[in-house]
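Before any comments, here is the structure.
A, B, ... follow the sequence lines: proteins, then strands. Residue 1 opens every chain.
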There are 2 protein chains.
Amino acid sequence: MAEYRLCSFLVSLIITIISCTSHSLAAPTYRYPRFLGRFAGQTKSHPQIQPQYETQYFDQRLDHFSFADLPKFRQRYLINTTHWAGPQRLGPIFFYCGNEGDIVWFATNSGFIWEIAPQFGAMLVFPEHRYYGESVPFGSKEEAYKNATTLSYLTTEQALADFAVLLTELKQNFSCKECPVVLFGGSYGGMLAAWMRLKYPHIAIGALASSAPILQFEDIVPPETFYDIVSNDFRRESSSCFNYIKQSWNELKSKGHATDGLEQLTETFRICRQLKRTEDLSDWLESAYSYLAMVNYPYPADFMMPLPANPIREVCKRIDDCPAGTSVLERIYEGVNVYYNYTGEAKCFELDDDPHGLSGWNWQACTEMVMPMSSSEESSMFPTYDFNYSSFQEKCLKDYGVKPRPKWITTEFGGHDINVALKKFGSNIIFSNGLLDPWSGGSVLQNISESVVSLVTEEGAHHIDLRAAGPYDPDWLVEQRATEVKLIEGWIHDYYKQKNATYSM
Amino acid sequence: MAEYRLCSFLVSLIITIISCTSHSLAAPTYRYPRFLGRFAGQTKSHPQIQPQYETQYFDQRLDHFSFADLPKFRQRYLINTTHWAGPQRLGPIFFYCGNEGDIVWFATNSGFIWEIAPQFGAMLVFPEHRYYGESVPFGSKEEAYKNATTLSYLTTEQALADFAVLLTELKQNFSCKECPVVLFGGSYGGMLAAWMRLKYPHIAIGALASSAPILQFEDIVPPETFYDIVSNDFRRESSSCFNYIKQSWNELKSKGHATDGLEQLTETFRICRQLKRTEDLSDWLESAYSYLAMVNYPYPADFMMPLPANPIREVCKRIDDCPAGTSVLERIYEGVNVYYNYTGEAKCFELDDDPHGLSGWNWQACTEMVMPMSSSEESSMFPTYDFNYSSFQEKCLKDYGVKPRPKWITTEFGGHDINVALKKFGSNIIFSNGLLDPWSGGSVLQNISESVVSLVTEEGAHHIDLRAAGPYDPDWLVEQRATEVKLIEGWIHDYYKQKNATYSM
């Protein structure tokens with residue numbers, strides 16, 4: 001590790017002799033929204049739990065809403081019936097709404113659901129989202145992702161219909177048409193859980209939607225929300241850390257434009273391959289900060305990367321604690337090392353976070369999941385950026401040959417004026433959020449009605465409540481989970497009461 | 001008219017000399033469910049009202065739920081803003097969910113909505129359902145109805161999404177994003193109104209679903225429901241009438257198999273073209289009885305056919321009151337003349353009610369709207385028929401080249417266990433039904449919650465409440481409409497209260 005620490009005089013010297021002349025650079029390009037799903041599939045050696053399940057497959061229609069003659073696809077789902085109370089006792093079905101990645105990863109990282117299943121006598125089902133993991137149509141991922149035509153059925157409404165059809169089939173196969181279903185989901189999966197409860201109330205009696213930014217669309221929340229929260233997460237640890245990062249972008253720009261600047265940046269940041277554009281490095285750094293804010297957990301975790309407890313605190317410590325005279329960029333390198341190389345095993349870094357890569361999530365971001373994001377000069381530590389719909393559309397046309405439908409999600413699922421719209425409508429949804437999570441700003445942070453409630457924790461990060469319990473869980477997290485269990489118990493009791501079922505937990 | 005009355009000695013004689021030998025005939029074939037929409041477009045010379053509106057068009061996606069590259073189509077809608085209170089006062093939008101026919105016909109026959117608009121300061125919008133009237137994709141009805149591929153986007157969910165997109169656009173264009181929308185609909189349109197309120201609560205605050213058989217799917221109600229209600233409508237007028245009709249099918253069968261039987265039936269029933277199969281005549285008669293039950297209104301009406309008040313009473317009177325010795329089939333002819341030829345203008349009849357005709361509604365019945373219907377020996381006056389899914393599927397494959405999805409509607413919209421499923425979920429829906437209407441048996445006839453309510457009238461027929469008020473309206477109908485107005489007022493007041501709007505009605 002030591003050889004990569006750049007708080008050395010030599011490098012400092014090199015940096016100081018580079019001219020600080022300001023160059024005009026291309027404006028920062030739009031980044032597709034960062035969710036954690038892109039790490040799915042990278043299941044590490046230290047999963048939180050080792051869940052026991054059977055893997056099953058179910059044939060799904062490609063377009064549920066037309067009768068076009070299309071090939072079916074096999075949807076994978078994981079199922080565990082060990083603790084299930086069975087059909088006679090109307091044993092509940094806990095159903096995790098699979099999101100943008102390999103379902104095994106989500107199952108592995110949702111210990112909470114596995115842990116509470118026994119006390120509920122619940123069956124567990126983890127269906128995979130279409131076009132992810134093994135659940136791809138047209139025979140292979142290559143075929144499925146070939147072009148806009150093959151990708152065109154990768155939509156949220158189709159995914160929800162997959163869940164609805166699968167659940168209806170499972171209920172029938174288990175002779176359990178009246179068994180209550182509780183939905184779970186985190187991040188995009190949490191959005192799916194909430195929307196599924198709203199669209200299919202006859203199929204599921206309630207939903208725990210953890211860190212679900214269902215309001216991060218159009219103008220419902222200010223576009224600066226996400227990056228402002230990330231920035232605040234750093235500022236609350238240390239204002240100097242915040243300032244170093246804020247300062248770093250200009251330094252990076254200047255350096256990138258200097259003679260041999262890209263070579264020096266490649267060296268400073270230990271990039272494996274010669275840097276071609278400063279923006280690639282900026283993107284890499286921005287990603288680190290954004291993901292750090294999401295997984296700013298109070299205990300060491302290996303969710304997407306092995307990280308220490310309170311990783312932002314650790315990053316800022318590294319940035320702040322360099323010897324006097326250490327340059328801003330050296331400090332930044334020290335900081336992001338916490339994120340990209342906490343184990344110290346990396347010899348150099350691949351900037352593989354390719355914003356132009358054809359990923360399923362990016363397709364979704366380019367079609368329905370249009371989440372405007374800006375970064376303001378005043379409150380953000382990121383480079384200033386104003387979301388511009390035209391250039392976003394241009395990027396999507398270029399990347400995928402598809403035109404986004406920025407107003408579709410709110411037309412289909414609502415979002416504007418949600419307090420009024422759902423006050424009398426809808427029930428049994430928990431929106432849980434930790435305020436450290438940059439996605440919390442686009443989620444529901446107020447109680448909407450008696451049974452559409454918001455659980456907010458000051459110190460929580462991205463769907464921390466769905467993770468397995470552990471010895472380092474702070475009290476507020478233990479309490480939050482207990483509240484969730486109590487609310488879910490209430491839904492199920494209500495349901496049994498209505499059904500006059502004899503089984504009670 | 002007199003020359004068509006067949007209570008004559010001559011015909012009686014001819015009939016009596018025909019052998020009554022029973023022949024085995026092919027089992028009755030499945031009939032697609034009979035809604036009134038097939039009469040849309042046949043706007044008669046005496047419409048109930050002469051509505052004033054502007055005709056507009058709106059470009060819609062063919063598949064809202066995928067990004068497949070498909071041509072758009074122009075959706076027609078009728079709009080009237082004469083009485084609208086405007087955006088500042090959050091004037092309501094009354095939105096009729098267009099059903100399976102020409103929208104002008106539905107607008108003309110929904111006088112209630114036009115009559116109550118002024119007191120609500122409401123804008124009126126009547127959108128046409130895709131694939132009907134002028135709102136057909138692919139340039140022409142011929143192209144749109146060419147095959148299963150072109151028809152494949154004729155689905156309920158796509159139609160609801162059309163409405164959602166149109167409403168969102170209208171609200172924006174009228175600077176009235178927060179104006180409350182109330183949905184209306186009768187029959188299939190009533191199903192759409194109810195489902196739209198459930199699926200798009202953020203777009204519309206409530207729905208009046210008149211005669212909406214949302215439970216006429218799978219095994220939710222017994223398959224005999226529809227024909228039993230029709231039969232009861234006849235029996236309550238006269239048990240001998242019921243018996244004559246019940247008896248007539250065998251007579252028809254026998255006659256059809258006799259030498260020159262088809263010629264004689266053609267003559268007896270004044271069929272314009274030589275009858276080829278007895279079943280065509282049976283279908284024609286069954287249609288008459290079914291539609292008569294639907295429009296068994298207490299006053300003369302010209303909804304689908306010009307008819308007297310209480311037309312079933314009139315039919316039974318004609319059947320019963322023939323001179324002694326009149327044969328059963330002569331009596332039947334006398335009876336259906338009330339339906340097919342009340343004005344006495346017809347010289348002969350075209351059996352144009354072709355069950356194999358490629359109509360939009362039949363496509364819908366063959367894909368999503370699978371409504372199992374049987375007719376029992378015990379309680380029905382119709383030929384005995386057991387709904388058989390295999391032969392139904394076979395028929396759809398033959399007629400349209402499409403395989404039905406009989407479980408899809410309940411998966412997408414629910415229906416089973418509706419009292420429990422919607423008890424806490426959903427609000428502001430009126431299910432109004434008249435018990436004479438054969439579709440009432442598949443509708444919601446009990447209050448589900450405080451604001452999902454059922455209005456049932458003993459003497460009402462198919463969505464009579466949506467028709468214009470008239471001097472012959474019975475008290476129960478006047479009261480029913482007043483209750484509906486009061487409930488809708490309540491929804492709007494609630495909404496304004498929530499919005500803290502200053503405008504009050």
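If you measure heavy-atom distances from B/W195 to chain A, you find no contacts under 4.5 Å at all. Contacts of A/I203 with chain B are made by side-chain atoms alone, with heavy-atom separations under 4.5 Å and no backbone atom involved. Both the backbone and the side chain of B/S427 come within less than 4.5 Å of a heavy atom of chain A. Neither the backbone nor the side chain of A/E450 comes within contact range of chain B; no heavy atoms are under 4.5 Å apart. When heavy atoms are compared at a cutoff of 4.5 Å, B/D494 approaches chain A solely by way of its side chain, counted from C-beta outward. Both the backbone and the side chain of B/H64 come within contact range of chain A, judged by heavy atoms closer than 4.5 Å. Only the side chain of A/R61 comes within contact range of chain B, with heavy atoms under 4.5 Å apart. With a 4.5 Å cut-off on non-hydrogen atoms, A/D69 does not touch chain B at all. There is no contact between A/T156 and chain B, counting heavy-atom distances below 4.5 Å. Only the side chain of B/S451 comes within contact range of chain A, with at least one heavy atom under 4.5 Å from a heavy atom of that chain. For a residue to count as touching a neighbouring chain, one of its non-hydrogen atoms must lie under 4.5 Å from one of that chain's; by this rule B/E178 touches chain A with the side chain only. Both the backbone and the side chain of A/T367 come within contact range of chain B, with heavy atoms under 4.5 Å apart. The part of B/K407 that comes within reach of chain A is its side chain, from C-beta onward, which places non-hydrogen atoms under 4.5 angstrom from that chain. For A/V165, the parts sitting under 4.5 Å from any heavy atom of chain B are the backbone and the side chain alike.
Between chain B and the options A/A68, A/A421, A/P201, the largest number of non-hydrogen pairs under 4.5 Å is found for A/P201. Comparing A/Q158, A/E157, A/E412 by heavy-atom pairs within less than 4.5 Å of chain B, the highest count is held by A/E412. Residue with the most contacts toward chain A among B/A164, B/G426, B/A161: B/G426 (heavy-atom pairs, distance under 4.5 Å). Comparing A/R197, A/K177, A/R405 by heavy-atom pairs within less than 4.5 Å of chain B, the highest count is held by A/R405. When each of B/D417, B/T149, B/T168 is scored by its heavy-atom pairs under 4.5 Å with chain A, the top score falls to B/D417.
Annotation: A/N447, atom CG; neighbour count of heavy atoms from other residues, nucleotides and ligands within 6.0 Å is above 12.
Within the 3.5 Å criterion, the main-chain N or O of B/F58 finds no donor-acceptor partner in the side chain of B/Q75. In this structure, A/H202 contributes its side chain and B/T411 its backbone to a donor-acceptor pair below 3.5 Å. Side-chain atoms of A/S66 do not come within 3.5 Å of backbone N or O of A/D63 as any donor-acceptor pair.
Both the sub-6.0 Å distance and the 45° axial angle are satisfied by A/K199 relative to the ring of B/Y200. Taking the ring centre of B/Y145 as origin, the terminal cationic atom of B/K141 falls inside the region bounded by 6.0 Å and 45° from the ring axis.
Of all non-hydrogen atoms in B/I205 and B/V182, the two that sit nearest each other are CG1-CG2, 4.2 Å. A pairwise comparison of heavy atoms in A/Y495 and B/V420 identifies CE1-CG1, 3.8 Å as the closest pair.
Annotation: B/Y132 is not in aromatic contact with B/W361 [ring centroid separation under 6.0 Å not met].
A donor and an acceptor atom, one from each side chain of B/Q446 and B/S454, are nowhere located under 3.5 Å apart. Side-chain contact, B/E368 with B/W363: no donor N or O sits under 3.5 Å from an acceptor N or O.
Between A/E489 and A/K486 there is no salt bridge, since none of the side-chain N atoms of the basic residue sits less than 4.0 Å from a carboxylate O of the acidic one.
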